[in-house]
Amino acid sequence: VTKKKLIVALAGNANVGKSVIFNQLTGLHQHIGNWPGKTVEKAEGTLHFRGYTIDVIDLPGIYSLSTFSIEELVSRQYIAVERPDLVINVVDASILERNLFFTLQLMELETPLVIALNQVDMAKKKGMKINHEKLEELLDVPVVPTVAPRGTGVYELLQRAVETIEKRGRAHAQVKYGEEVEKRIEVLSDLVEKVPYPYPARWTAIKLLEKDEQVEREIRRINPEIISAAGKLAGEIEQIHGHSCSTVITSERYEIAGCIAREVQHIVPLIKPPMRERLHALTTHRILGYPLMAISLLSIFFAIFTFGDYTSELLSALFYGLEPIFESVFGAGIVGQLIWGGVMEGIIAGVTVALPYIIPFYLALYFLEDSGYLSRIAFLLDNVMHKIGLHGKAFIPVMLGFGCNVPACLGCRIMETERERLLTAFVVTLVPCAATTVVVLGLVGAFVGIQWALALYIINMLIVFILGRMAFKALPGEPTALIMEMHDYRVPHLQTVAKQTWFRMMEFIKMAFPLIIISSLIIKLAEVIGLLDPIADILSPITVAWLGLPAITGITLIFGVLRKELTLIMLANLFGTTNFAAVQGFGLVEMIVFTLVTMLYIPCVATISALVREYGWKKTIFITVFEIVFAIIVGGVASRLLILAGI
Amino acid sequence: MKLRLTDLKNGESGVVTSIKTGHRRGHGGHRGAGSRWGFRKRLEDMGLTPGTRVTVVKSAPFRGPLEVHVRGSRLALGKRMAERILVEVER
């Protein structure tokens with residue numbers, strides 16, 4: 001049986017339950033990657049339906065198809081140029097007007113379309129009833145009401161989708177603007193019609209009137225006369241309406257969306273505010289919101305670290321139990337040492353951090369995000385983040401950084417501009433991750449005092465703040481302001497949360513593990529051929545003379561590149577004891593300085609690989625070198641200050 | 001009365017008249033996300049077009065963002081962004 005292949009794309013606003021529908025459709029047959037050459041995520045999945053193999057592409061959640069963000073560009077390019085067989089537009093029934101604004105733009109792209117009228121249950125709870133048959137009639141687009149978490153309507157959605165594809169050529173209603181605008185769109189699209197351009201002529205004409213940067217640039221290359229004609233027509237519209245042409249078109253499009261929404265929805269005002277509204281008011285309260293946030297975040301961190309600690313120890317005990325077996329198979333010679341100390345230690349390093357800390361972190365993050373609480377935190381912390389030139393949303397990657405810097409670096413994608421992504425990533429690499437916390441608590445916390453551990457955290461946060469602010473001043477460009485939707489609180493869909501965590505985990509393993517293993521092997525090789533001691537000697541002007549640490553700490557700091565807590569493990573190995581208090585020449589000052597340097601000195605190998613992937617080698621090397629130099633300077637200064645203070 | 005969105009009291013609503021972009025058009029004509037032009041477009045795309053009724057629910061402390069209701073959705077707008085939105089209010 002030859003199966004016919006179809007490609008269906010999911011498009012819609014953010015937070016409309018698109019990813020839940022994607023998961024309902026594709027199950028575990030998913031692949032998450034990037035759009036070619038872009039740092040925009042591309043989720044793909046496959047399903048089989050009525051003899052078809054359907055590829056489902058989950059487009060990013062966006063509000064428009066302009067050039068505001070890379071996500072919008074990627075989406076419209078995909079729809080217009082790659083031409084999927086059909087686009088499923090997921091629409092939030094409870095915010096119909098704004099969602100239809102996006103639907104109208106999809107219609108203008110002249111793509112075959114089916115609408116999933118999602119969250120109809122939520123809309124009902126808000127007192128909204130929507131006549132979906134009427135909506136279907138007005139738009140001339142199939143509309144299927146769905147409740148994604150329960151899977152309601154998903155089968156029918158597929159049915160209608162396949163039917164629509166089979167009945168090729170079925171056009172939906174045309175979006176009609178006001179007479180003044182409409183006339184000029186027609187004039188312009190007649191001109192555009194004559195040039196070869198992959199986008200529909202009418203759409204191109206509208207975009208030219210809106211002064212869309214990309215379309216202008218591309219059309220100018222083909223025929224600059226069209227641009228001047230468009231400029232003249234846009235000027236006329238501006239004359240008539242007194243607003244910029246892009247504003248006029250957006251307004252009119254919203255007007256159409258509003259008319260349709262009012263026609264199909266019936267709203268019964270609620271008598272008393274529902275629970276989620278009161279929860280929203282409480283969690284964004286100008287006073288109560290902050291302690292609530294602190295309590296919830298701290299308890300999440302506490303839970304993750306408790307779980308992580310326990311599991312991490314368990315796993316490493318399990319793995320190290322294998323050591324004798326490896327030794328008996330490969331012998332204790334160079335090969336055996338390389339396989340165990342290089343490859344296996346690398347894998348252990350990855351597994352004992354990745355599984356125990358990163359999985360619960362992702363779970364918590366997606367849970368918070370999907371429920372809507374994360375956007376409330378961003379709301380509360382916006383002004384704090386502004387001090388370092390970022391806005392509230394940057395808090396999300398920063399928070400992730402406390403778990404692991406790798407997902408945090410990838411999480412910087414939620415920022416709108418390249419500049420902010422880089423700035424956030426820089427800040428994130430300075431945040432002490434779970435592995436760093438192990439060192440801080442295990443060394444300073446255990447042997448110097450917990451108040452010193454806390455002080456180190458505070459110093460670290462101050463450094464993050466100061467360096468972030470300096471980077472913000474140094475990087476060209478203006479800071480952007482927060483524009484963020486706070487969707488209604490809802491119960492997260494656990495299956496989707498779990499799947500997102502799973503795929504994110506696989507991404508982490510694929511990206512970080514090879515590098516961890518390779519560098520682990522290189523370091524082991526250096527050790528086996530006796531290079532470590534000479535290296536420690538070479539480093540001694542820094543470690544001994546400037547930082548006042550024992551020479552062997554140079555070796556441990558090299559191992560720390562793999563993952564930060566190896567500095568502590570190696571230290572115990574080299575000192576031959578875990579009771580650091582008994583070691584000569586490694587007093588309280590040395591412990592504090594050593595820990596401080598460990599906290600700051602380099603993003604670990606996995607983080608470096610994440611940085612390279614997102615920002616390229618040049619910026620990564622700059623950040624890495626900067627942090628090494630900075631950590632050494634801070635360490636030396638701290639050492640002298642502590643001695644002066646007589647500690 | 002014409003006011004900035006940030007001048008509205010909690011619970012008060014007004015009708016958007018315009019969004020100021022300043023004289024400069026971003027950086028050298030760039031109209032992406034980093035420019036003011038880009039942000040006006042973004043606000044309009046989120047529903048804040050001239051003639052739209054917008055309600056200020058509250059603002060976060062220490063010059064934090066504004067929570068507004070517009071076209072049935074709830075948005076958080078940074079203070080400096082909100083200052084550029086002019087609204088007509090009946091007082």
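Below, chains carry the letters A, B, ... as their sequence lines are ordered, and counting in each starts from 1.
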Where [X] and [Y] come nearest, the two heavy atoms and their spacing:
X: A/Ser244; Y: B/Arg40; answer: OG-NH2, 3.2 Å
X: B/Asp45; Y: A/Ser66; answer: OD2-OG, 3.3 Å
X: A/Ser251; Y: B/Thr49; answer: OG-CB, 3.4 Å
X: A/Phe379; Y: B/Ser59; answer: CZ-C, 4.5 Å

Which atoms of [X] come close to chain B, meaning under 4.5 Å heavy atom to heavy atom: side chain ones, backbone ones, both, or neither?
X: A/Tyr290; value: side chain
X: A/His243; value: side chain
X: A/Glu420; value: neither

Okay, B/Leu48 and chain A: the region with an atom under 4.5 Å from a heavy atom over there is neither

Does B/Arg63 have more than 12 heavy atoms from other residues, nucleotides or ligands lying within 6.0 Å of its CZ? no

Around atom NZ of A/Lys124, are there more than 12 heavy atoms from other residues, nucleotides or ligands closer than 6.0 Å? no

What is the distance from atom [atom1] of [X] to atom [atom2] of [Y], rounded to the nearest 0.5 Å?
X: A/Glu485; Y: B/Met46; atom1: CD; atom2: CE; value: 5.5 Å
X: A/Arg286; Y: B/Phe62; atom1: CZ; atom2: CZ; value: 8.0 Å
X: A/Asp488; Y: B/Ser73; atom1: CG; atom2: OG; value: 10.0 Å
X: B/Arg42; Y: A/Ile483; atom1: CZ; atom2: CD1; value: 6.0 Å
X: B/Leu77; Y: A/Asp382; atom1: CG; atom2: CG; value: 10.0 Å
X: A/Met486; Y: B/Leu75; atom1: CE; atom2: CG; value: 8.0 Å

Exercise for the section: Under the side chain to side chain contact (heavy atoms under 4.5 Å, CB included) rule, what do B/Glu44 and A/Tyr254 come out as? Steps first, then yes or no, please. Expected result: CA-CA 9 Å; B/Glu44 289 171 358; A/Tyr254 253 115; over 6 Å; no

- Item | Under 3.5 Å donor-acceptor, A/Asn383 side chain and B/Pro61 backbone | yes

Answer key: most heavy-atom pairs under 4.5 Å with chain A among B/Gly72, B/Gly78, B/Pro65 is B/Pro65

_Does A/His386 form a side chain to side chain contact (heavy atoms under 4.5 Å, CB included) with B/Arg80? I'd like the steps, not just the answer._
CA-CA 11 Å; A/His386 257 295; B/Arg80 276 181 311 155; 3.4 Å; yes

Ranked by heavy-atom pairs below 4.5 Å to chain B, first place among A/Thr284, A/Asp92, A/Asn13, A/Ile70 goes to A/Thr284

_Residue pair A/Glu210 / B/Lys41, side-chain heavy-atom distance below 4.5 Å_ = yes

Answer whether the closest heavy-atom distance between the side chains of A/His280 and B/Arg74 falls below 4.5 Å. yes

### Presence of salt bridge, B/Glu67 and A/Arg376, under 4.0 angstrom
no

